[in-house]
Number of protein chains: 2
Amino acid sequence: MAEKNFLVDHLISEIKSGTFQSDKKLPSEHILADQFNVPRMVVRKAYEQLQDLGFIYSKQGKGSYVQESKKQIPLILSGDISFTEKMNELQFSFQTITIFCEEIPYDQKIFQSLEVESDDKVFKIGRLRLIDDFPIALHTSFVAKSTFPEIESDGPEITSMFQYYRQRGYVEFGSNNSTLNVIFPTLFDRDILQCSSLIPLLQVESLCRDKRSNQVLEHTVIIYRSDCFTYVI
Amino acid sequence: MAEKNFLVDHLISEIKSGTFQSDKKLPSEHILADQFNVPRMVVRKAYEQLQDLGFIYSKQGKGSYVQESKKQIPLILSGDISFTEKMNELQFSFQTITIFCEEIPYDQKIFQSLEVESDDKVFKIGRLRLIDDFPIALHTSFVAKSTFPEIESDGPEITSMFQYYRQRGYVEFGSNNSTLNVIFPTLFDRDILQCSSLIPLLQVESLCRDKRSNQVLEHTVIIYRSDCFTYVI
DNA sequence: GTACATTCACTTGGCAACAAGATACATTGT
DNA sequence: ACAATGTATCTTGTTGCCAAGTGAATGTAC
């Protein structure tokens, strides 16, 4: 195990320093095993982990190649402006697709943070953020029907929640006590974000309030692919 | 590969929901392989990944057991108070050990951000943060000798940098444009933080200035174990 | 010469058999 | 009766062999 970890370390640093950048082909498992005087299985495990980490990909019969790494996008996390506005400030071509809008069963935590009764209806609206057609974040908004009665039918059409709120008379937004966690993608997340299993995700959970009335507008959970961003706070 | 990922997903959710909590022993590779109708190697790979992720540990001849998970400590990231002060606010028993204080060779990025000449001397001071004797973060401060002439001899004795700065007449501190990245531990990091290879680390990089003179006091790089904290920003 | 088929060398993927550690239990010697 | 030892059978760890994909070199018929 220690040998595998050493190899993984070594290969990552070589990949980052660009040793393989010329042809992008890594040495075959057999050759690397001979070079480091370890059984091929050790090299194999190292290569498999590098695949899970998104650094390389392997093709049976051909070999292993370094995966083109994503460019790092600076992202401002402290948020009283919307994601749409954040991205407009930068020069990236980005896009939002609403992928679901459905009522959720009663959930104590969500309902409490939205400050609504248990007989209220709460919808979760999932919007996928894409940059150059690559999914990089999933933005899930939990919204109560009592606050926005038309949310069920409006939901699928919304691209910017903040814009939607403004159209309904809420002008200034505030979010505090955002909590941040590092998680690994579930099968669903991997499918949606098209990432391998060991790409850590940054999960930001926050509450959006109207600054004037202090009313809770939405409970938000955003998961960002950590390999696409450098965050600024 | 898909089968392995499915198993990993399934087992993580079972571990989190506490299915194995009674005896903490997981089914043997052979039994699980039969249950899911997959070759043992698939179960093996899944178990190996769960080990790297820190969820379980395996002992030859005995079996595989769920690893006791760390308690999540809420940590306020926005920082004009020191780590020491942050921890004092909470009720945790924490400790700081200075593990290195040494001059670094010239590094353009560091020297530029410290706003010092290339013939200056810059020291990096590494302080390990422990909670209940478990290392949870490594705090590395880059300090220029031109700013703090006695830093080389003082360094090893410092537990709170902010306190050190105050003793030298700097009262108010500010840090902005902190950048945040998710990285995996190097061998050195793993050794220092006593974590397995797939524990993501949260790396926060920032610049500390004296608010009055706007002078740069230190360049700071902190790496936190992501499995110990819930961050609040 | 050219088009096609075959072989061969090299790659990664997968698996079955074996090795080694742990434990419970039966066996044996005193 | 009791302790030491062997043994059977679990467990995880390791290894070596072969399957399968790829592509270039080689052979072959026309």
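Every chain is numbered from 1 and lettered A, B, ... according to where its sequence line falls, protein lines coming before strand lines.
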Side-chain heavy atoms of L202(B) within contact of V182(A), under 4.5 Å: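 A side-chain contact under 4.5 Å exists here.
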N/O donor-acceptor pair, side chain R40(B) with base dG13(D), under 3.5 angstrom: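 Checked by distance alone, the answer is yes.
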D9(B) with R190(A): basic N within carboxylate O range, under 4.0 Å: yes
Closest to the P39(A) side chain, choosing from dG13(D), dA22(C), dT15(D):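 Selected nucleotide: dT15(D).
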Row check, F100(B) ring normal vs K124(B) NZ/CZ: under 6.0 Å, within 45°: yes
Ring-face cation contact, F20(B) with K25(B), 6.0 Å cut, 45° max: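 Judged by the rule, K25(B) and F20(B) form no cation-pi pair.
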Rounded distance in Å - [atom1] ([X]) to [atom2] ([N]):
X	N	atom1	atom2	value
K4(B)	dG14(C)	NZ	P	11 Å
K25(B)	dT11(D)	NZ	P	7 Å
M41(B)	dT14(D)	CE	P	11 Å
D34(B)	dC15(C)	CG	P	14 Å
K45(B)	dT12(C)	NZ	C1'	11 Å
D52(B)	dG13(D)	CG	P	12 Å
Q60(B)	dG13(D)	CD	P	6 Å
K59(A)	dG14(C)	NZ	C1'	19 Å

Think [X] has a side-chain N or O under 4.0 angstrom from the OP1 or OP2 of [N]?
X	N	result
R44(B)	dT12(D)	no
S58(B)	dT12(D)	no
S64(B)	dT11(D)	no
S28(A)	dC10(C)	no
K62(B)	dT23(C)	yes

H139(B) versus T220(B), closest heavy-atom pair with distance: NE2-CG2, 3.2 Å
